[in-house]
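Reviewing the structure listed below.
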Amino acid sequence: MELLQLKYFVTVARLEHMTKAAQELRIAQPALSKTISRLEEDLGTPLFERQGRHIRLNAYGKAFLARARAALQLLEEGRREVADLAGLERGRIHLALSNMEQLREPLRLFLEEHPEINFHIVQSSMEDMEQTIEYSEVDFFLTSMPIKHPDIDHLPLLDEEVFLAVPPAHRLASRASVHLSEAAQEPFVGYKEGHPYQKMNNEFCSQAGFIPNVVCEVEDPRTIAELVRSGFGVALIGECKSGEELKLVKLRIEQPEARRTFRIAWLRSRYLSQAARSFRDFLEKYYRLQGIELTPS
């Protein structure tokens with residue numbers, strides 16, 4: 001059994017289409033088909049159910065996929081560790097996050113100190129993070145919600161209060177604080193379905209006894225701020241510096257308690273390069289200097 005066979009098999013299993021897999025791998029389809037057939041011969045059993053151009057993993061294929069992914073992950077960990085020890089990598093850090101709001105400034109400062117380090121950043125939903133955590137190349141996940149996985153470590157970075165933002169001429173704009181239930185009949189501006197912040201905001205509203213009427217769904221806090229200022233509706237936003245710069249009318253929420261914690265998470269069994277460890281230490285120090293006490297969970 002060859003390493004190339006495993007890589008090809010994992011790609012075909014993910015795409016469930018031989019032609020698309022060949023295009024992604026940049027090889028001829030006949031060569032890919034032959035490689036998969038040879039792997040099945042080595043194992044003594046078919047791994048796929050073939051339906052024309054589409055193929056699906058059978059029970060044997062599903063069992064083997066988990067092992068193949070684990071084997072490739074272990075080999076990648078070994079490669080990274082050896083390269084790190086030998087000083088062959090100048091530093092590359094893979095991040096998965098829901099948005100850049102809390103990371104923008106510390107990332108800029110870190111790169112000023114370490115210009116030789118490169119970042120690969122992808123936006124992911126909580127579902128994507130939890131489903132791919134064992135098999136992805138991601139070093140750190142940055143999220144406001146804990147990732148449910150038995151082998152995950154978390155480090156809280158920022159605990160912030162959540163406010164109700166209203167347009168300047170809104171009936172509640174002169175108030176200093178509100179019960180969230182007072183906004184039950186208001187149109188809300190929120191994040192797209194599945195976004196960690198929107199999940200938390202929905203939970204706050206649920207605790208207040210209502211389901212928010214979300215009239216606009218967007219991806220970033222600045223767009224939310226513009227829509228609120230324009231009178232499209234109200235919104236739940238955090239208290240971080242970037243939020244203060246948006247110059248919104250923000251009301252403290254008396255009931256329910258509305259707070260969220262921004263955290264960095266990583267797979268305990270995954271090897272972290274020196275560059276990755278330096279970045280984690282930098283974030284911990286950066287937020288400690290902001291007056292935040294950090295406690296690993």
| query | With distance as the sole test, does S206 use its side chain to make a donor-acceptor pair with the main-chain N or O of N202 at under 3.5 Å? | reply | no

| task | Find out if a path of hydrophobic residues (ILVMFWY) with successive side-chain heavy-atom gaps under 4.5 Å connects L251 to F163. | result | no

| task | Drop me the distance from E2's CD to K7's NZ, to the nearest 0.5 angstrom. | result | 12.0 Å

| message | I'd like to know whether R50 forms a salt bridge (Lys or Arg N to Asp or Glu O under 4.0 Å) with E40, so could you lay out the CA-CA distance, the side-chain angles of the two residues, the decisive distance to 0.1 Å, and finally the verdict. | response | CA-CA 13 Å; R50 290 164 172 80; E40 291 176 320; 3.1 Å; yes

| request: Verify the cluster assignment for L142 and L272: are they in a single hydrophobic cluster under the rule of side-chain heavy atoms below 4.5 Å apart? | output: yes

| Is there a side-chain contact between V218 and L227 (heavy atoms, below 4.5 Å)? | yes

| task | Report yes if some heavy atom in the side chain of L180 is under 4.5 Å from a heavy atom in the side chain of F210; otherwise report no. | result | yes

| Over all atoms of both residues, closest heavy-atom pair of F232 and C216 | CD2-SG, 4.1 Å

| Straight-line distance of R263 CZ to M145 CE, nearest 0.5 Å | 9.0 Å

| side chain to side chain contact (heavy atoms under 4.5 Å, CB included) evaluation trace for L155 with W266 | CA-CA 9 Å; L155 180 66; W266 62 95; 3.9 Å; yes

| task | Could you pull out the closest heavy-atom pair between A96 and M129, with the gap in Å? | result | O-CE, 3.7 Å

| query | Residues two or more places apart in sequence or in another chain: which of them pass ring pair (Phe, Tyr, Trp, His ring centres under 6.0 Å) with F279? | reply | F110, F119

| task | Mind telling me whether H195 and Y191 have parallel, tilted or perpendicular rings, with 30° and 60° as the class edges? | result | parallel

| task | Step through the shown structure and confirm whether more than 12 heavy atoms of other residues, nucleotides or ligands are within 6.0 Å of CD on Q207. | result | yes

| P167 side chain near V228 side chain, heavy-atom distance below 4.5 Å | yes

| Ion pair K250/E160, N-O distance below 4.0 Å | no

Scan the side chains in residues 23-31 for donor-acceptor partners under 3.5 Å anywhere in the protein, sequence neighbours excluded, and list what turns up.
unit_1: E24; atom_1: OE2; unit_2: R14; atom_2: NH2; d: 2.3
unit_1: Q29; atom_1: OE1; unit_2: T19; atom_2: OG1; d: 2.7

| said: If you define the side chain from C-beta out and look only at heavy atoms, does anything of F188 sit under 4.5 Å from L236? | reply: yes

| query | Does some side-chain heavy atom of L103 sit less than 4.5 Å from a side-chain heavy atom of L95? | reply | yes

| Can you list the residues that meet the salt bridge (Lys or Arg N to Asp or Glu O under 4.0 Å) rule with K20, with sequence neighbours excluded? | none

| Residue pair L65, R69: steps toward the side chain to side chain contact (heavy atoms under 4.5 Å, CB included) verdict | CA-CA 6 Å; L65 177 61; R69 281 174 166 170; 3.9 Å; yes

| said: Tell me which pairs pass side chain to side chain donor-acceptor pair (under 3.5 Å) where either residue lies in residues 166-175, with sequence neighbours left out. | reply: H170-E186, R171-E186, R175-E182

| For A258 and I253, which heavy atoms make the closest approach, and how far apart are they? | CB-CD1, 4.2 Å

| request: Would you mind reporting whether L107 and L283 have side-chain heavy atoms less than 4.5 Å apart? | output: no

| Side-chain (N201) to main-chain (G190) donor-acceptor, under 3.5 angstrom | no

| query | Are any of the side-chain heavy atoms of E217 and Q198 separated by less than 4.5 Å? | reply | no

| Strictly under 6.0 Å, is that where the ring centroids of Y197 and F262 end up? | no

| query | Do E284 and I264 come close enough that some side-chain heavy atom pair is under 4.5 Å? | reply | no

| message | To check you understand the geometry: which heavy-atom pair defines the closest contact between S181 and A208, and what is its length? | response | CB-O, 3.6 Å

| request: Establish whether L39 and L3 are linked, either directly or via other cluster members, by ILVMFWY side-chain heavy-atom contacts under 4.5 Å. | output: yes

| task | Could you tell me which residues satisfy salt bridge (Lys or Arg N to Asp or Glu O under 4.0 Å) with R270, sequence neighbours excluded, listed by chain and number? | result | E77, D139

| Interatomic spacing from CD1 in I237 to CD in E161 - rounded to 0.5 Å | 11.0 Å

| said: Restricting to non-hydrogen atoms, name the atom on L248 and the atom on A165 that form the minimum distance, rounded to 0.1 Å. | reply: CD1-CB, 3.9 Å

| So does R38 pair up with E41, basic N to acidic O under 4.0 Å? | no

| request: Sequence neighbours left out, what passes side-chain contact (heavy atoms from CB on, under 4.5 Å) with Q123? Give chain and number order. | output: L97, N99

| request: Answer yes or no: does atom CZ of R259 have more than 12 heavy-atom neighbours from other residues, nucleotides or ligands under 6.0 Å? | output: yes

| request: Only pairs at least two apart or in different chains count here, so list each ring pair (Phe, Tyr, Trp, His ring centres under 6.0 Å) that has a residue in residues 20-43. | output: none

| query | What pairs with H179 under ring pair (Phe, Tyr, Trp, His ring centres under 6.0 Å), at least two apart in sequence or on another chain? | reply | none

| field | Hydrophobic cluster identity match, Y8 and L75, side-chain contacts under 4.5 Å | value | yes

| field | Spatial distance of atom OG1 (T261) from atom CG (L157) [nearest 0.5 Å] | value | 10.0 Å

| query | Does R280 make a cation-pi contact with F140 (under 6.0 Å, within 45 degrees of the axis)? | reply | no

| said: Quick test of your reading: applying salt bridge (Lys or Arg N to Asp or Glu O under 4.0 Å), list the pairs with at least one residue in residues 206-216, sequence neighbours left out, ordered by first then second residue. | reply: none

| request: Just jot down the side-chain contact (heavy atoms from CB on, under 4.5 Å) partners of N58, sequence neighbours excluded, or say none. | output: P46, E49, Y60

| message | Please enumerate all residues that pass side-chain contact (heavy atoms from CB on, under 4.5 Å) together with A21, with sequence neighbours excluded. | response | T11, V12, L15, L32

| Test side-chain contact (heavy atoms from CB on, under 4.5 Å) applied to E112 - qualifying residues, sequence neighbours left out | R108, L109

| Just how far is it from atom CD1 of I36 to atom CG of L47, taken to the nearest 0.5 Å? | 8.0 Å

| remark: Here the pair of heavy atoms bringing P168 nearest to V249 is CA-CG2, 4.0 Å

| query | Can you hop from F64 to L4 via hydrophobic side chains spaced under 4.5 Å? | reply | yes

| remark: The reported gap from NE2 in H154 to OG1 in T143 (rounded to nearest 0.5 angstrom) is 8.5 Å

| message | Set out, in order, the CA-CA distance, both residues' side-chain angles and the distance that settles side chain to side chain donor-acceptor pair (under 3.5 Å) for S278 and Q274, then state yes or no. | response | CA-CA 6 Å; S278 296; Q274 180 58 49; 3.2 Å; yes

